[in-house]
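For reference, the structure discussed in these notes is given below.
Order of the sequence lines fixes the chain letters, A, B, ..., with proteins taken first and strands second; residue numbering starts at 1 for each chain. Please read these numbers as outputs of a predicted model, since none were measured by experiment.
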Amino acid sequence: MSDTPSDAYRPDQVEAKWRARWAERRTNEPNLDSPKRPFYNLMMFPYPSAEGLHVGNMFAFTGADVYGRFKRLMGFDVFTPMGYDAFGIHSENYALKIGTHPGVLIPRNIRNFRRQLEGMGGMFDWSHSLSTTDPSYYKWTQWLFLQLFKAGKAYKKKAAVNWCPVDKTVLANEQVENGRCERCGALVEQRFLEQWFFRITDYADRLLGNLDRIDWSDTTLTAQRNWLGRSEGAEIDFAVASANSEPGTRNSERIRVFTTRPDTLFGATFMVLAPEHPLVARLTAPDRKAEVEAYVKAAAAQDLVSRKTGARDKTGVFIGAHAINPATGQPIPVWIADYVLMEYGTGAIMAVPAHDERDFAFATKYGLEIVRVLASETDAKSGRLAPLTEAEVETQGFVLVNSGPFDGAPAEQSKRAITEWLAEKGQGKPVVQYRLHDWCISRQRYWGPPIPIIYCEGCGPVPVPEKDLPVILPDIPDFRPDDSGISPLARHEEWYYVACPQCGARARRETDVSDTFLDSAWYYLRYPSTEFDDRPFDRKRTETWCPVTSYIGGNEHAVLHLLYSRFIAMVLHDLGQVTFEEPFTRFRAHGLIVKDGAKMSKSRGNVVIPDEYIAQWGADTFRLYLMFLGPFQEGGDFRDAGISGPRRFLDRVWSLVGEASNESGDELSKDIVVRWHATRKKVAEHYEVLHYNTAISALMELVNALKDTGCKDRNIVRDLVVMLAPLTPHFSEECWERLGQQGSVFDATYPQWDEALTVGSQVELPVQVNGKTRAKVMVNRGATQEQALAIALA
RNA sequence: GCCCGAGUGGCGGAAUGGCAGACGCAGCGGACUCAAAAUCCGCCGGGGGCAACCCCGUGUGGGUUCGACUCCCACCUCGGGCACCA
């Protein structure tokens, strides 16, 4: 109304004032040792880029912060830590590009992030922050590696790896997208290097099974299930016929295949081995040798890239050997082809062209026999089987044909029946396969934690004794990788050569650093224990705060980060280090903020930096605007046109607070009381499921109702301020103080609603005839159908 | 190709079996003002009617139901993930 200018809402003054108070009063630092109701509110820590926090980060962190603040008002001791995921190829590439050492850049970026994070008004406990690049942190990342090494969960092997010729490093399979480097887009090549792996595949069963009992976003659960890729099937042994291809003669070799379709065994008319299969050299007939070797060589040169992404034209070579189909007893030719992958199953398949698309294409191209062994029930009875023009891969309603004793049996049941039949003959067994591969954690780069292993001529690989941790990443000016595949660390001789911890002889350090995902796989364990420098995580603190109560982050980490974190938790659980095996009790994926319909990225030049908006509108208005854009878990398109709406709303609340402080004790109308209690209920319920946009609209409706009726009731206004507080923390603190309340609004309690008061005593009931609303009547709540009908008919 | 998710006014979105379009933005009209901004009041899916009202309307086509944005079937479009995984 007649707000004098001095009385107007001034975000700049309000926000600075309350941030200073929070710091001074340690408002955001819960008692970590003896909380009454601990609530660990975690959000995915950012990579501190040179560009600073962007709107996407701000959106994600605000949404998580709102939830934590709401839980605090609900009476929990909420711990909301924040840190920096600062190691990795991102930082290193940027450092190389601008010619500044990452050890200089990262602290600078972190200072900028800290300024921005404080500016957004998050409830962060800065007394428990961390950066993965800090030796006091990566000391324990190295310790973690040693625990896995000692438990036999880390091993080294020479393996075909994805090599990025631009970044000059090995990439995890997960970091290759369509055969190209996830970061720079270069075509990935195949190289063979000694790599450290973690045995995550040992945990495939548990990683899959536990998904049924954690409260996570469905999309994330689905992504993890797909990534694990469980397949039930059978391993079947095929005897090899003698090299001269004479039917009936056998040698001692066996080709073991994995199949999910043992029901089609009678239709297996040839076999295919991966070109790298160890049996290829032994089974190849002399007269086929030249051609086979040429194919194998070509496949190796072809690398993992075109293997997986190139044209799907099937190519292959007959190796001059035959195997015996254990069902039919017939000899079938053995081929090699690059569509069979060595890293999945046994690296060999039985080919059933009639019922597999790939085998069909291959058989058609090379004129191999196609035998139909499944048909619809009617076709099977009539005995008339039309030739196939494409592979028939369905099983529903299909029965076996051309399958000896199994003719007429339903396809689905025959999977098990045929496997059992083979098992009795000692030629097969049921098997479960996973798509998941072991986790390669080696990186031939500079900006990461050195893997704490020492190589000694006499002793072999020796773990660095825990008392010698951390193995400090040396500060070397020339950290540029070259294409030798040798880490830049090997060029730093005083660091590289070291006495063997066991025999004292001159030995060499491992020069690979570990994958950034290892840093982030355990950071949540460190936050509550940052002040302990003699242990990675304090047992009591961990038991008090972990597993994480609520974790919020982007679904781009649905598989990698979240899967690795779960794996590490399981290992630590099995080693007796932690009491839980699932680190994140509840996980919610937030949506993505896009700009003009496209993902924000530096290359598109559409990255929005929040600083200018915060400077112009204040953090609270900006937070409110971001949360009002749409459902938090769906994200939305960033358009700054709508930001004035939230600001107008705050101005209205501000003036309500000013007016309410001068009067009280209004006679409240029934309608207002219902609105008041209904709002308490609705807002709480919507916060709980992260529907912030509708929580905000409910608060707006309450304000509109107060304005429409001229109600300025103090108690309602006070509630409004509390309910709004998670979204607009500084603003609400100031309003709280202006209402004459003591202390922080975050030490208040979220107002309880009286369920009976959340609904009016009468409801308007639409009267519909043939689905059309014909009239509306007012009836008492709880009226019976007869009563309502009587009123309607009257 | 397979697996998820989504299609509602000019725009962001609400309603998950019961009055479609809450809330907000933009727009239009009015009040205040010398004027503008801000603020306040009103209108705001389409069509018809002087009016009370009536008809149509939630990607498309079918279905279930007294009643469908909501459930079922098929299809189209967009977004995301996986992709020669046997």
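If you take CE of A:Met350 and P of B:C84, they are 20 Å apart, rounded to a whole angstrom. When rounded to the nearest whole Å, the span between CZ of A:Arg647 and P of B:A37 equals 18 Å. Here the P atom of nucleotide B:A38 and the CZ atom of A:Arg10 are 18 Å apart, to the nearest Å. One atom, CG of A:Leu221, and another, P of B:C82, lie 16 Å apart when rounded to the nearest Å. The interatomic distance linking A:Leu273 (CG) with B:C84 (C1') rounds to 16 Å, in whole Å. Between the CG atom of A:Leu650 and the P atom of B:G24 there is a distance of 13 Å, given to the nearest Å. In this entry the distance linking CD of A:Glu357 with C1' of B:C2 reads 10 Å, nearest Å. Rounded to an integer number of Å, the gap from CG of A:Leu563 to C1' of B:C82 is 14 Å.
Residue A:Tyr339 places its side chain closer to B:C84 than to any other of B:A15, B:C82, B:C84.
Base-pair partner of B:C71: B:G63 (Watson-Crick or G-U wobble, both distances under 3.5 Å). B:G5 is paired with B:C78 under the criterion used here, namely a Watson-Crick or G-U wobble arrangement in which both key atom distances are under 3.5 Å. Checking B:G10 for Watson-Crick or G-U wobble geometry (two distances, each under 3.5 Å) identifies B:C25 as its partner. Nucleotide B:A38 forms no Watson-Crick or G-U wobble pair with any nucleotide shown, as no partner meets the under 3.5 Å limit on both distances.
In summary, the side chains of A:Glu412 and A:Thr395 do present a donor paired with an acceptor at a separation below 3.5 Å, with no hydrogens or angles considered. Remark: the A:Thr694 side chain and the A:His686 side chain contain an N/O donor-acceptor pair separated by less than 3.5 Å.
With P as the reference atom, B:G59 and B:A52 are 30 Å apart, rounded to whole Å. Annotation: B:C19 and B:C53 have their C1' atoms spaced 16 Å apart (nearest Å). Nucleotides B:A51 and B:C78 place their C1' atoms 45 Å apart, quoted to the nearest Å. Taking atom C1' in both B:G29 and B:G63, one finds a spacing of 47 Å when rounded to whole Å. Between B:C76 and B:G18, the distance separating the two C1' atoms is 30 Å to the nearest Å. Distance check on atom C1': B:U60 versus B:G12 gives 25 Å, rounded to whole Å. Taking the P atom of each, B:A38 and B:G27 are spaced 10 Å apart, rounded to whole Å. Taking atom P in both B:A37 and B:A26, the straight-line distance is 13 Å, to the nearest Å.
Taking the six-membered ring for Trp, A:Tyr613 and A:Phe638 have ring centres closer than 6.0 Å. In this structure, A:Trp439 has its ring center at least 6.0 angstrom away from the ring center of A:Phe517.
Of the residues near RNA chain B, A:Pro631 and A:Asn226, the one whose nearest nucleotide (by heavy atom distance) lies more toward the 5' end is A:Asn226. For the pair A:Asp356 and A:Ala223, both in contact range of RNA chain B, the more 5′-proximal nearest nucleotide belongs to A:Ala223.
A tilted orientation is assigned to the rings of A:Tyr366 and A:Trp335, their planes being inclined by 30° to 60°. The aromatic rings of A:Phe70 and A:Tyr687 are tilted relative to each other, their planes meeting at an angle between 30° and 60°. Between A:Phe632 and A:Tyr692, the ring-plane angle classifies as tilted under the 30° and 60° cut-offs.
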Pick out the pairs of N or O atoms, protein on one side and nucleotides 21-23 of chain B on the other, that lie under 3.5 Å.
from: B:A22; atom 1: O2'; to: A:Glu701; atom 2: OE2; distance (Å): 2.8

Distances under 3.5 Å only, N/O to N/O: pair up the protein atoms with those of nucleotides 4-8 of chain B.
none

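Here the options are A:Thr220, A:Asn555, A:Asp215, the test is side-chain hydrogen bond (donor to acceptor under 3.5 Å, both in side chains), and the partner is A:Arg588; only A:Asp215 passes. Checking each of A:Val432, A:Val431, A:Thr260, A:Thr419 against A:Glu232 for a side-chain contact (heavy atoms from CB on, under 4.5 Å) leaves exactly one that passes, namely A:Val432.
Nucleotide B:G30 is shown with an anti base, its glycosidic torsion being more than 90° from 0.
Figure legend: A:Lys314 and A:Phe362 shown without cation-pi pairing, the cationic atom not lying both under 6.0 angstrom from the six-membered ring centre and within 45 degrees of its axis.
To the nearest 0.5 Å, atom OG of residue A:Ser565 and atom NE2 of residue A:His557 are 10.0 Å apart. Atoms CE and CG, from A:Met44 and A:Asn57 in turn, are 12.5 Å apart once rounded to the nearest 0.5 Å.
Heavy atoms of A:Ile349 sit under 4.0 angstrom from at least one base atom.
A:Lys429 has no carboxylate O lying under 4.0 Å from a charged side-chain N of A:Asp237, or vice versa, which leaves the two without a salt bridge. Salt bridge status for A:Arg647 with A:Asp651: present, with a side-chain N to carboxylate O gap under 4.0 Å.
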- prompt: Once each nucleotide of nucleotides 25-30 of chain B is scored for protein heavy atoms under 4.0 Å, what B/S/- sequence comes out, 5' to 3'?
  reply: SS----
